[in-house]
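Structure first, then comments.
Throughout, numbering of the chain's residues begins at 1 and tracks the sequence. Since the model is a prediction, treat every value here as computed from it, not as a measurement.
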Amino acid sequence: MSNVLIQCDSTFIDQLEGHINSGNKLSKWELFSMAYEAEATTMSNNFDGLLSLKYLPHVDFLPHQIESATQAIEEMNGRAILADEVGLGKTIEAGLILKEYMIRGLAKKILLLVPASLVNQWVQELHEKFYIPVVAHRKNYAWEQHDIMISSLDTAKRSPHREAILDIDYDFVLIDEAHKLKNHTTKNYAFVRSLKKKYCLLLTATPVQNNLLEIFNLVSILKPGHLGNHASFIEQFGKDRKKLNQDAFLKQLIQKVMVRNTRQNTSLNNTKRNIETIWIKFSQEEIDAYNEIDSMFPSNATFSKLTLLRELCSSREACALSLQKMMNNGANLSSVMEIIGALPHHAKAQKTVELLQQIGDKKVIIFTEYRGTQLYLQWYLQQHGISSVPFRGGFKRGKKDWMRQLFKDHAQVLIATEAGGEGINLQFCNYMINYDLPWNPMRLEQRIGRIHRYGQENDVHIYNFAIEGTIEEHIMKLLYEKIHLFENVIGHLDAILAELQIDDFEQEVKSIFTESTSAGEAKIKLDNLSSIIEQTQLANQKEKEQHYGNS
């Protein structure tokens, strides 16, 4: 056996003796003991369990949130994709993980990159629930100035911020809405990949949307090489996203870096969705106006015709705005504009007031597709003594927060365009009216996720409006109702659409209408589409039942 050389590092002893011999004043033993005990409280012999829970007794964590945080720390070493479905509390899980590393003294320099509209919401959540002193970046703030900084990714990637950030060694980096990094050729991806980081969390409800390379790109940010290189990954697994469930080895690799909870396997499923379709009849004047627009164009349904019909199903204001733009571009539409201008109050608006009066003084969020409708509804509700506030994408971050607070503390109704479909949390509200139904069911799930989410203590009530005998009836009956999208969480629909090689569901529906020569042809094509989706759903369900039956 060869000799083992053992060297003794006497640096500390030499320094201590030097201080004693030189007569320097040393700390009292009592002070040293107190400092030692304070440091010992943040240390643990092992990394099992979460120390942070005892420091956060005011937060009622759900079991799946604690399990996800524990798994990300103990099994994934703080580099994980948190991919829970919308509304299950990914922010809570991320806050718990961050708090744990801070308590253990492992994370001091921290960077959080989130959508601009969510910066203040993240700050509030981390302050109130986790006592984490995060600071939102401002123009006059230096990135080195604060240990825990939050910013939008768009701000962080621009000069001179980019250079300053890339020069810092971060202990912990968090990226919200990480699916926006799915393309490895973008500046966003290159910037995040270049960050110097010890621990890293990526948050997204949709880690794979179109093809398998998206999950490869996300994992490569966390653990480069975990799935091999780009070429070897394509050679072994291809791009088909179905491989994620079909290939056991790939699935096992992904599970080492990703945590995903669904509503079905969590206790959050205790709050129910009560969904009701409300059919509305147009007045005769509205029917005449609808038919006039329908007959204005050639037999094939152009995109302009499709847009105007959808807008008229929402409000005369939305339709009139589009007609005015077309007239400004030289179209002779004065006759139909006169018909639109003479219409009575919209049938949907009248039904909205009737429904709000039935609901009583409960908070209600109304989603519309059009800003013209938003303005009209706010005025119409005010005429009936119902207070409301608007919410839309054009608002700056501070105004969005202000609108949310006004809704919570004062107004009964929040009227939101699609910008309210992501980011804003409204657990204090459990009533929703889909005034206009989106043609992309994934957007509907985002809307519902604003109220049916972690922190919601009551059953939620969703009312979906549709006008009989119009384009809305086709969408409602042949898509939403036939494939049971209201009864089921839509989280699994994206997998079915990818299997059918449908990249954009809304564009698929638009193509059906614009390429059809008549309403009857469009109806048949929609029926065929929904039948294919329905059959795929049944086949997948049968395959799942057989899998669990054999396992």
Side-chain angles (χ1 to χ4, degrees), residues 86-87 268-283 313-315 317-318 344-370 373-392 400 403-421 424-438 443-468 472 476 480-481 485-487 489-490:
V86 174
L268 195 64
N269 207 35
N270 292 336
T271 55
K272 298 178 181 178
R273 295 183 179 187
N274 299 306
I275 299 179
E276 181 180 347
T277 298
I278 296 181
W279 291 102
I280 298 169
K281 291 183 182 293
F282 258 161
S283 66
C313 287
S314 179
S315 71
E317 282 72 12
H345 286 299
H346 203 276
K348 272 188 184 178
Q350 296 177 42
K351 178 59 71 173
T352 300
V353 170
E354 181 184 322
L355 182 57
L356 289 174
Q357 290 171 343
Q358 290 176 10
I359 292 172
D361 59 356
K362 302 284 179 48
K363 301 284 184 182
V364 181
I365 178 171
I366 299 175
F367 274 104
T368 176
E369 296 275 286
Y370 307 103
T373 301
Q374 184 187 48
L375 296 171
Y376 165 64
L377 263 182
Q378 193 173 12
W379 173 85
Y380 189 72
L381 295 184
Q382 192 272 334
Q383 301 304 304
H384 290 81
I386 300 171
S387 58
S388 66
V389 291
F391 191 94
R392 57 177 175 266
K400 286 183 177 179
M403 291 297 108
R404 181 187 181 278
Q405 203 62 39
L406 283 175
F407 176 43
K408 184 178 181 180
D409 296 337
H410 302 288
Q412 183 189 353
V413 177
L414 180 121
I415 307 172
T417 56
E418 209 54 49
I424 185 172
N425 296 336
L426 301 166
Q427 299 96 321
F428 55 86
C429 167
N430 61 316
Y431 284 85
M432 177 182 292
I433 297 174
N434 285 305
Y435 190 90
D436 302 314
L437 212 56
R443 284 165 55 204
L444 181 69
E445 181 64 23
Q446 280 189 328
R447 290 181 180 183
I448 297 175
R450 296 309 97 214
I451 62 174
H452 194 206
R453 61 188 299 107
Y454 171 69
Q456 178 59 260
E457 298 176 354
N458 303 303
D459 291 349
V460 299
H461 302 270
I462 316 293
Y463 302 94
N464 301 301
F465 285 5
I467 298 176
E468 296 178 356
E472 289 190 340
M476 178 69 79
Y480 280 91
E481 291 189 349
L485 288 179
F486 293 140
E487 288 78 6
V489 177
I490 304 174

Would you compute the distance between atom [atom1] of [X] and atom [atom2] of [Y] and round it to the nearest 0.5 angstrom?
{"X": "Leu356", "Y": "Leu381", "atom1": "CG", "atom2": "CG", "answer": "6.0 Å"}
{"X": "Ile359", "Y": "Glu354", "atom1": "CD1", "atom2": "CD", "answer": "11.0 Å"}
{"X": "Ile275", "Y": "Tyr463", "atom1": "CD1", "atom2": "OH", "answer": "11.5 Å"}
{"X": "Leu355", "Y": "His461", "atom1": "CG", "atom2": "NE2", "answer": "11.5 Å"}
{"X": "His384", "Y": "Gln357", "atom1": "NE2", "atom2": "CD", "answer": "7.0 Å"}
{"X": "Arg404", "Y": "Asp409", "atom1": "CZ", "atom2": "CG", "answer": "9.5 Å"}

If we only count heavy atoms from C-beta on, is the [X] to [Y] side-chain gap below 4.5 Å?
{"X": "Pro390", "Y": "Met403", "value": "yes"}
{"X": "Ile451", "Y": "Ile462", "value": "yes"}
{"X": "Met432", "Y": "Ile448", "value": "yes"}

Can you name the one residue among Thr417, Asp436, Asn434 that meets side-chain hydrogen bond (donor to acceptor under 3.5 Å, both in side chains) with Thr368?
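It is Asp436, the one option of Thr417, Asp436, Asn434 that forms the side-chain hydrogen bond (donor to acceptor under 3.5 Å, both in side chains) with Thr368.
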Considering all heavy atoms of both residues, which atom of Phe407 and which atom of Lys363 are nearest to each other, and what is their separation?
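For Phe407 and Lys363, the tightest heavy-atom pair comes out as O-NZ, 2.6 Å.
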Please report the shortest heavy-atom distance between Ala466 and Met476, naming the atom on each side.
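Ala466 and Met476 have their closest heavy atoms at CB-CE, 3.6 Å.
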[X] side-chain N/O to [Y] backbone N/O, donor-acceptor pair under 3.5 Å:
{"X": "Tyr380", "Y": "His346", "result": "no"}
{"X": "Tyr435", "Y": "Phe465", "result": "no"}
{"X": "Lys348", "Y": "Cys313", "result": "yes"}
{"X": "Gln374", "Y": "Phe391", "result": "yes"}
{"X": "Gln350", "Y": "His345", "result": "yes"}
{"X": "Ser387", "Y": "Gln412", "result": "yes"}
{"X": "Asn430", "Y": "Asp459", "result": "yes"}

May I ask you to say whether Glu369 pairs ionically with Arg447, meaning some side-chain N is under 4.0 Å from a carboxylate O?
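Arg447 and Glu369: salt-bridged.
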Check the side chains of Thr277 and Asn464 for a donor-acceptor pair under 3.5 angstrom, ignoring hydrogens and angles.
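The criterion, which ignores hydrogens and geometry beyond distance, is not satisfied for Thr277 and Asn464.
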So if I apply the side-chain contact (heavy atoms from CB on, under 4.5 Å) rule between Ile415 and each of Thr352, Leu377, Val364, which one comes out positive?
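Testing each of Thr352, Leu377, Val364 against Ile415, the sole residue satisfying side-chain contact (heavy atoms from CB on, under 4.5 Å) is Leu377.
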